[in-house]
Protein chains: 2
Amino acid sequence: MPTVKLDPIDRKILAELQADGRMTNVELAKRVGISAPPCLRRVRTLEEAGLIRGYHADIDARELGFEVQVFALVGLSSQAEVDLSAFEQKCREWPLVRECHMLNGEIDFILKCVAPDLSTFQSFLTEHLTAAPNVASVKTSLVIRNAKDEPAVPFEVLEDRLAKSA
Amino acid sequence: MPTVKLDPIDRKILAELQADGRMTNVELAKRVGISAPPCLRRVRTLEEAGLIRGYHADIDARELGFEVQVFALVGLSSQAEVDLSAFEQKCREWPLVRECHMLNGEIDFILKCVAPDLSTFQSFLTEHLTAAPNVASVKTSLVIRNAKDEPAVPFEVLEDRLAKSA
DNA sequence: CGTGAAACCGTCGCCCC
DNA sequence: GGGGCGACGGTTTCACG
């Protein structure tokens with residue numbers, strides 16, 4: 001059950017823009033089966049509702065010289081909220097950390113990192129990440145290859161689910 | 001050292017489109033300091049070179065009803081290439097799996113998954129993921145919250161690095 | 001890379017249901 | 001409430017210098 005009410009046209013708009021964020025509004029309108037003005041109004045509404053957080057070019061980091069991708073599993077020694085927040089703030093400040101997710105279970109955080117080469121990453125790891133206050137354990141794994149990397153929302157699953165509940 | 005040669009204008013274009021993939025070409029041209037036609041030619045070239053893989057709206061999956069995000073750490077019993085590929089193919093077919101990265105070390109794969117609720121995820125976990133051929137171990141962790149979720153390329157790091165090597 | 005021109009698009013006001 | 005029509009200004013995208 002979505003937090004906001006969306007009709008099938010809104011969902012189609014979201015699916016199309018997730019697949020191609022640079023599509024023109026008239027093309028989008030054609031695909032969802034309405035004319036351009038109401039289509040644009042819907043897009044603006046979805047943006048303002050926060051359902052569309054933004055649009056980003058998907059850039060090949062490796063081609064740009066970021067040959068190293070690493071996942072880091074981080075455990076903290078204190079899970080008090082103030083300490084969790086302090087660690088999250090550090091992650092926001094470290095440019096090599098691209099994602100930081102707080103998890104349940106024995107791992108506290110998972111970080112997705114990039115670096116131009118291994119030695120840059122290792123410097124970051126020893127001088128910043130493991131050296132940060134409250135960091136108890138860090139396990140890192142290099143990404144060998146990416147088998148799948150899709151945007152967050154599987155609209156097929158959403159539509160299936162709505163069809164069944166109807 | 002990037003695989004392709006890019007001048008400072010190309011890098012600025014990439015940085016701007018990563019930050020706002022729906023920016024108009026004239027706005028982009030203004031920001032990078034050239035006129036619109038050559039700017040568009042550069043964008044097309046970057047797209048054709050595969051440096052820009054696409055453009056995607058960044059959609060709030062939780063608001064759409066995908067309240068559960070999970071990281072799964074997967075170990076396989078055989079690391080023969082044919083078995084690795086078979087597992088990757090399975091991941092591509094499972095819509096709840098949004099990312100699949102092959103890692104070095106004791107974990108073989110890390111998966112980022114989404115689901116509408118816990119029971120949907122648990123059904124997937126028991127009926128599909130752990131039941132798949134060659135899967136030896138699966139450890140899952142629920143995402144409690146996202147502290148950072150940025151696109152892949154930290155252009156600040158790239159520019160720093162180029163400045164120093166100059 | 002820039003200029004100019006033509007086609008196209010984003011956007012608004014208004015009318016309709 | 002939402003959708004469509006028409007028009008204006010801005011944008012995309014040529015050909016050419």
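Naming: A, B, ... by sequence-line order, numbering from 1 per chain.
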To the nearest angstrom, the CZ-C1' distance between A:Arg22 and C:dC9 comes to 13 Å
Look at the side chain of A:Arg42 and the base of D:dG1, then say whether one donor and one acceptor between them are separated by less than 3.5 Å. no
Note: for B:Asp7 and A:Glu27 on DNA chain C, the residue whose nearest nucleotide lies more 5' is B:Asp7
Out of D:dT13, D:dG3, C:dG2, minimum distance to the side chain of A:Pro38 belongs to D:dG3
From CE of A:Met23 across to P of C:dC8 the rounded distance in Å is 18 Å
Ranking C:dG10, D:dT12, D:dG3 by distance to the side chain of B:Val26, first place goes to D:dT12
* To do: Decide yes or no on side chain to side chain contact (heavy atoms under 4.5 Å, CB included) for B:Val114 and A:Val153, but give the supporting numbers first.
  => CA-CA 8 Å; B:Val114 299; A:Val153 184; over 6 Å; no
Would you indicate whether the side-chain heavy atoms of B:Phe71 and A:Leu103 approach each other to under 4.5 Å? yes
With rounding to whole Å, what would you report as the distance between C:dC15 and D:dG9 at their C1' atoms?
-> 22 Å
From CD1 of A:Ile13 across to C1' of D:dG3 the rounded distance in Å is 12 Å
Here the distance between atom P of D:dG4 and atom CG of A:Asn25, to the nearest Å, is 12 Å
Atom CG of A:Leu40 and atom P of C:dC9 are separated, to the nearest Å, by 14 Å
Separation between CG (A:Leu17) and CE (A:Met23), nearest 0.5 Å, reads 6.5 Å
**Request:** Pick base, sugar-phosphate or nothing for A:Thr24, based on heavy-atom distances below 4.0 Å to the nucleic acid.
**Result:** sugar-phosphate
Which of C:dC9, C:dC1, D:dT13 is nearest the side chain of B:Pro37? It is D:dT13
From the candidates C:dG2, C:dT11, D:dT11, the one with an atom nearest any side-chain atom of B:Arg41 is C:dG2
Atom CZ of A:Arg31 and atom P of C:dC9 are separated, to the nearest Å, by 13 Å
To the nearest 0.5 Å, atom CD1 of B:Ile144 lies from atom CZ of A:Phe109 at 9.5 Å
A:Ile34 atom CD1 is separated from C:dT11 atom P, nearest whole Å, by 15 Å
message: Looking at B:Glu150, is its backbone amide N or carbonyl O close enough to the side chain of A:Arg98 to form a donor-acceptor pair, meaning the two atoms are under 3.5 Å apart?
response: no
Among the nucleotides C:dT3, C:dT11, D:dT13, whichever has the atom closest to the side chain of B:Ser35 is C:dT3
Whole-Å distance, A:Ile9 CD1 to D:dG2 C1', equals 9 Å
May I ask you to evaluate whether A:Arg44 reaches the phosphate of C:dG10, defined as a side-chain N or O under 4.0 Å from OP1 or OP2?
no
